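Below is one structure, written out as structure tokens; the observations come after it.
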Amino acid sequence: MTKENGPEKAGLTEKQKKIAEKKARGAAKLEADRREKLKKIEELGHDPWGGRFDNHLPIGEIRSREGEIVVGPVGDCETGKAPQQTGPKVRAAGRIVLRRKKGKLIFMDIRDWTGTIQLFIGKIQVGEENWELAQCLDLADIVGVDGELRRTQTGELTIFVEQLHFLCKSIETPPDKHKGLHDPELRQRMRYLDLIHTEGSLERALRRSKIVQSVRNSLAEECFVEVEGPTLHTVAGGAAAKPFATHHNALDIDLNLRIALELHLKRLLVGGIERVYELGRVYRNEGISPRHNPEFTMLEVYQAYGDYRSMMDLTEKIIVDAIEATGQPLKLPWNDTVIDFTPPFARKTYDELFEEYAGVSPDDEAGIRALAEKIGFNTAGKHIDVVKNEVFEEKVEDALVGPVFVCDYPASICPLTKRKKDNPAIAERFELFIQGMELANAYTELNDPDLQEELFAKQLEGQAEEDSMAKMDNDFVLALRHGMPPAGGLGIGIDRLVMLLTDSATIRDIILFPLLRPEG
RNA sequence: GAGGCUGUAGCUCAGUCGGUAGAGCAACGGACUUUUAAUCCGUAGGCCAAGGGUUCGAGUCCCUUCAGCCUCACCA
């Protein structure tokens, strides 16, 4: 296809030249245009990268001052001009998101994190110097303005600019001004662009922060203390998950990133921090899905002298408080339906739900095995509770619209949990399900060191190590031997809570920087 | 890790039966002093994800690779 007329090098240079020329006319031209204006801004005596800009008001606050606009008694009937208005002098800063030129007028919308407002820039009104500067403005540049807050003839609340301040040049072309970013890959890789230009993206991020803040406030109200445990563990325990492996050079030891917060928080319980929690990142070396990211945010709470019932009340409080903190009603939209968070949430036992949705008595071992086989599970050699739980996950969990507390799990699948006094086959544990998602998990914590050691050992027997709920952690057992007060413990998946409270179908919309393969 | 779908201008998307590329927004030039998805006239912008193949001819068909999305598995 290619002809080699001249020397190869010369041919390549020719081709490279052509590509360079094309680029100069193509993508790079957009940048060149912006750099041209950047130069012009400098020539006009302004710093294209701006500087400190004091005393501006958030745009949301400026909008709330609309009532201060005073309209004069009469308009000019002869010229048909609107009545004179006098408004407050305001100073604002924001990014240019829309721009409309009309002769010697420019209308622009600038946005900050509290809202959007229109600017009016008239050549006569702002004077020659400001007008020259205004010619150098592009979409996505950041400007500050001083002006008067009034309404235009069409009633739009507007800052009539008197003085323009240049604050930052953008030398890249922004996405479509109305559609924003749609490509999910770009939205994740260039989250900053997504936040600026995609509707609802910034609001979602800010709402997450409000939710997290609310969770901390709720816990503070109940006198819980926030701590920070280690993320580098020699034994990654407290959950059944594959850890990330890493290495410390100076000590020359292999380490894992934590998969749960549990075991160190319980050590603190032993140490006398009676109400303790951590809200932090955990890491699990597992698959990625709309509900799973390799690193995610987990809340774990431990309360001395409580049990799983105390944790149920706390869970309800944390969730209801968070909904209120985001200014939402207790009936929240979710996909095409509505979730009713009005407390108290339903509380049902594992066995009740099993019978209801699986249609088999929870005590009918043969019936359960038959059903499991019918679904396609291999039940050979498996403990009945394991089989039962497989059926539960298949038949019940997805059907739980919730919110519903599923209480009292089979003890054999809960190695870190205290059993019921009157029935040692049942563990004092609940999971909160909403829309088929497991949102919270709580126990009456096991504090018998001998039983804990036994259960650790039993878990290790004949089980793939990564499937083990709890790897043997002798140091933790030693802590228990010193006496951990009886306690309730709770875990909440913060990302999933945020998903539910922001009507987000994928975890990638509420984790700002989800894990992606590196580009090319 | 398995299966399905997707990748075309800076962004959002068309592209028929295989005949070497289109629109809107953004950009550039021009008109317009109360616009608001502003409008109108004109201009420019593409290694069609990457690499191979089939063909006279590939954005289009085939193979490989890369990335994303969805479903499943693991899990919260």
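Below, chain A is the first sequence line, B the second, and so on; all start at residue 1. These numbers come from a predicted model, not from an experiment.
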Pick base, sugar-phosphate or nothing for [X], based on heavy-atom distances below 4.0 Å to the nucleic acid.
X	value
A/L181	sugar-phosphate
A/G491	nothing
A/F160	base
A/R151	nothing
A/D109	nothing

Item to check | Qualifying ring-ring contact (aromatic ring centres under 6.0 Å, His included) pairs with a residue from residues 179-202 of chain A, counting only residues at least two apart or across chains | outcome: none
Item to check | Residue pairs passing the ring-ring contact (aromatic ring centres under 6.0 Å, His included) test where at least one lies in residues 385-405 of chain A, sequence neighbours excluded | outcome: A/F345-A/F405, A/Y350-A/F392, A/F405-A/F430
Taking atom [atom1] in both [N] and [M], compute the distance separating them and give it to the nearest angstrom.
N	M	atom1	value
B/U16	B/A67	P	28 Å
B/G10	B/A50	P	13 Å
B/G3	B/C11	P	31 Å
B/U60	B/G22	C1'	15 Å
B/G53	B/A58	P	12 Å
B/G29	B/U12	P	26 Å
B/A23	B/C72	P	42 Å
B/G15	B/G1	P	33 Å

Next on the checklist: Going by side chain to side chain contact (heavy atoms under 4.5 Å, CB included), name the residues that satisfy it together with A/A93, two or more places apart in sequence or in a different chain.
Outcome noted: A/F53, A/H56, A/L167
Checklist entry - What string of B, S and - do you get for nucleotides 21-27 of chain B 5' to 3' if you count protein non-hydrogen atoms under 4.0 Å? => result ---BBSS
Next on the checklist: Let's see if you get this right: which residues in residues 184-194 of chain A place a heavy atom under 4.0 Å from RNA chain B?
Outcome noted: A/P184, A/E185, A/L186, A/Q188, A/R189
Checklist entry - To the nearest angstrom, how far is A/R150 atom CZ from B/U34 atom P? => result 14 Å
Item to check | N/O (side chain, A/R100) to phosphate O (OP1/OP2, B/C32) under 4.0 Å | outcome: no
Next on the checklist: Check the phosphate of B/C11 against A/H182, side-chain N and O only, distance under 4.0 Å to OP1 or OP2. Yes or no?
Outcome noted: no
Item to check | Donor-acceptor pair (no angle test) under 3.5 Å: A/Q118 side chain, B/U35 base | outcome: yes
Item to check | Residue pairs, two or more places apart or on separate chains, that pass salt bridge (charged side-chain N to carboxylate O under 4.0 Å, His left out) and touch residues 121-138 of chain A | outcome: A/K37-A/D138, A/K40-A/E132, A/D138-A/K169
Residues in side-chain hydrogen bond (donor to acceptor under 3.5 Å, both in side chains) with [X], at least two apart?
X	result
A/R207	A/Q328
A/E203	none
A/E295	A/R281

Next on the checklist: Is the terminal nitrogen or CZ of A/R429 (NZ for Lys, CZ for Arg) located under 6.0 angstrom from the six-membered ring centre of A/Y443 and within 45° of that ring's axis?
Outcome noted: no
Next on the checklist: Donor-acceptor check, side chain of A/D141 to backbone of A/S170, threshold 3.5 angstrom: yes or no?
Outcome noted: yes
Checklist entry - With both distances under 3.5 Å as the test, what is the Watson-Crick or G-U wobble partner of B/U54? => result none
